[in-house]
Number of protein chains: 2
Amino acid sequence: METTWQEQLRTVGLRVTRPRLSVLQVLAERPHADVDTIVTAARALHPTLSPQAVYGVLEALVAGGLARRIEPAGAPALFELRVGDNHHHLVCRSCGAVADVDCTVGAAPCLTPSDTAGFVVDEAEVVFWGLCRACRVGTPGVTAQVLQHDNRGGAHV
Amino acid sequence: METTWQEQLRTVGLRVTRPRLSVLQVLAERPHADVDTIVTAARALHPTLSPQAVYGVLEALVAGGLARRIEPAGAPALFELRVGDNHHHLVCRSCGAVADVDCTVGAAPCLTPSDTAGFVVDEAEVVFWGLCRACRVGTPGVTAQVLQHDNRGGAHV
DNA sequence: CGCTTTTCTTGAACCAGTCAAGAGAAGGAC
DNA sequence: GTCCTTCTCTTGACTGGTTCAAGAAAAGCG
């Protein structure tokens with residue numbers, strides 16, 4: 001497992017270090033973790049790890065294409081290892097839980113806007129807002145990530 | 001014009017005040033303004049207006065459904081008066097310029113994710129990332145809003 | 001016109017994220 | 001294996017966007 005990560009790091013020109021391996025392992029276990037979560041969890045593997053180091057590691061991983069940053073409105077950035085595939089995210093308005101959605105891009109004319117207003121588009125980012133099952137049945141806050149997302153008025157599907 | 005805004009404010013149960021009318025006028029002139037822009041522009045109409053007042057006004061407008069907040073990753077929040085229709089946004093990676101895109105929701109199967117992972121979805125938010133015409137032809141920074149958006153790896157359309 | 005409630009002003013605080021300098025580790029060269 | 005260069009991490013301070021809190025001001029009802 002770590003061998004693979006070592007190879008992946010080297011492949012993109014990054015040195016293999018304890019902080020990087022720790023962060024990669026945490027991300028493998030927690031698919032949509034924020035920096036704080038990563039720092040806390042990674043310290044089990046590398047006790048002296050600093051938040052700034054994690055920012056640096058994540059920046060390197062994202063730049064190298066090994067990780068992806070997602071930034072739901074009103075919440076700190078989240079990171080995931082799933083890269084290179086066209087997938088999007090479901091975000092719970094109540095607890096901030098995030099789930100992956102495979103992009104149905106093959107049948108998605110909306111991802112090629114009719115009028116691009118002179119823009120050259122290279123990426124379409126889709127976020128589905130709603131409530132996760134736990135928050136609907138009255139057990140909010142399971143993931144302990146509370147979002148305050150009052151931004152209504154978007155596309156109601 | 002202001003009569004209309006007065007009515008709109010009253011309709012949603014908000015008092016009619018100078019700061020609110022000023023912010024509404026600025027938003028009418030600048031469709032995707034950030035707080036700083038709004039404060040600066042609105043001071044032409046109400047010189048003592050404070051940033052905190054603008055935050056309060058915008059919060060009230062959004063809560064009342066008169067305005068909508070959009071938060072492109074890596075940039076301060078923007079506000080617009082266009083509400084109630086299903087439209088999305090084009091964002092320039094270089095200068096942060098924002099343009100509206102009418103939602104082609106009628107032909108958009110991707111906006112109903114196949115697997116909702118137990119979520120009840122009430123909104124699909126789409127952001128198209130790319131370069132605006134000005135930044136492509138070598139006149140970047142026209143809007144003076146510089147974004148640093150290194151988050152690649154999303155859905156490439 | 002006075003009173004109650006909402007809203008604005010002023011000032012401080014907060015948080016995620018960034019910047020900078022020096023210590024330390026990785027890994028190629030020898 | 002050891003040295004040296006370069007990259008990376010640690011420590012610490014700092015920024016920008018946003019929020020919180022208390023009191024003053026204004027809106028709008030009776």
Side-chain angles (χ1 to χ4, degrees), chain A residues 2 5-7 9-24 33-40 42-43 45-64 66 69-79 96 145-151, chain B residues 5-7 9-24 33-40 42-43 45-64 66 69-79 96 144-151:
Chain A
E2 295 200 4
W5 288 329
Q6 287 187 19
E7 291 168 358
L9 286 169
R10 291 217 174 87
T11 299
V12 298
L14 293 173
R15 290 185 178 173
V16 178
T17 68
R18 195 86 152 302
R20 284 174 181 168
L21 293 174
S22 304
V23 168
L24 283 168
D34 61 19
V35 173
D36 196 58
T37 301
I38 296 169
V39 171
T40 304
R43 279 189 173 147
L45 305 162
H46 189 191
T48 67
L49 190 64
S50 66
Q52 288 76 355
V54 172
Y55 279 105
V57 167
L58 291 169
E59 187 184 343
L61 295 180
V62 170
L66 265 46
R69 156 188 270 135
I70 57 181
E71 301 181 47
L78 308 176
F79 294 84
Q145 293 176 15
V146 178
L147 290 178
Q148 283 104 30
H149 187 76
D150 297 322
N151 180 9
Chain B
W5 287 328
Q6 288 187 19
E7 292 168 358
L9 285 169
R10 291 219 173 84
T11 300
V12 298
L14 293 173
R15 290 185 178 173
V16 177
T17 69
R18 194 82 151 304
R20 284 173 180 168
L21 293 174
S22 304
V23 169
L24 283 167
D34 61 19
V35 171
D36 195 57
T37 302
I38 296 169
V39 171
T40 304
R43 277 188 174 148
L45 305 162
H46 189 189
T48 66
L49 189 65
S50 65
Q52 288 75 358
V54 171
Y55 278 104
V57 168
L58 290 169
E59 186 183 344
L61 294 180
V62 171
L66 265 46
R69 156 188 270 138
I70 57 182
E71 300 180 48
L78 307 176
F79 294 84
Q145 294 175 15
V146 177
L147 288 177
Q148 283 105 28
H149 187 75
D150 296 323
N151 180 10

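Note on naming: letters A, B, ... go to the chains in the order of the sequence lines (proteins, then strands), and numbering restarts at 1 for each one.
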Most 5' of Asp36(B) and His46(A) on DNA chain D, judged by nearest nucleotide: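 Upstream on the strand: His46(A).
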
Residue met sooner reading DNA chain D from 5', once Ala77(B) and Arg18(A) are mapped to nucleotides: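 Checking each residue's closest nucleotide, the 5'-ward one belongs to Arg18(A).
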
Which residues share a side chain to side chain contact (heavy atoms under 4.5 Å, CB included) with Thr11(B), sequence neighbours left out: none

Under the side chain to side chain contact (heavy atoms under 4.5 Å, CB included) test, residues paired with Val16(A) that sit two or more places apart: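 Testing Val16(A) for side chain to side chain contact (heavy atoms under 4.5 Å, CB included), a comparison that skips the adjacent residues, returns Gln6(A), Leu9(A), Arg10(A), Leu21(A).
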
[X] to [Y] - nearest heavy-atom pair and separation:
X: Pro72(B); Y: Pro76(B); answer: CD-O, 4.2 Å
X: Gly64(B); Y: Val12(B); answer: O-CG1, 3.2 Å
X: Pro51(B); Y: Val39(B); answer: CA-CG2, 3.8 Å
X: Arg20(B); Y: Ala60(B); answer: NH2-CB, 4.0 Å

Nearest-angstrom distance from the residue atom OH of Tyr55(A) to C1' of dT10(D): 16 Å

Spacing between Leu21(B) atom CG and dA26(D) atom P, to the nearest angstrom: 15 Å

Measure the spacing between [atom1] of [X] and [atom2] of [Y] and express it to the nearest 0.5 Å.
X: Leu78(B); Y: Ile70(B); atom1: CG; atom2: CD1; answer: 4.5 Å
X: Phe79(B); Y: Glu71(B); atom1: CZ; atom2: CD; answer: 7.5 Å
X: Thr40(A); Y: Asp36(A); atom1: OG1; atom2: CG; answer: 4.5 Å
X: Thr17(A); Y: His46(A); atom1: OG1; atom2: NE2; answer: 8.5 Å
X: Leu24(A); Y: Leu45(A); atom1: CG; atom2: CG; answer: 11.0 Å

N/O contacts under 3.5 Å, protein versus nucleotides 11-14 of chain D?
from: dG12(D); atom 1: O6; to: Gln52(A); atom 2: NE2; distance (Å): 3.4

Nucleotide range of DNA chain C lying under 4.0 Å from chain B heavy atoms: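 Listed 5' to 3', the contact boundaries are dT5(C) to dA12(C).
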
Donor-acceptor contact below 3.5 Å, side chain Ser22(B) vs main chain Arg18(B): yes

Which pairs, protein N/O on one side and nucleotides 28-30 of chain D N/O on the other, fall under 3.5 Å?
from: dG28(D); atom 1: OP1; to: Val16(B); atom 2: N; distance (Å): 3.0

Axis bend over the full length of the helix from dC1(C)-dG30(D) to dC30(C)-dG1(D), computed from five pairs that close each end, to 10 degrees: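 If I round to tens, the end axes sit 30° apart.
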
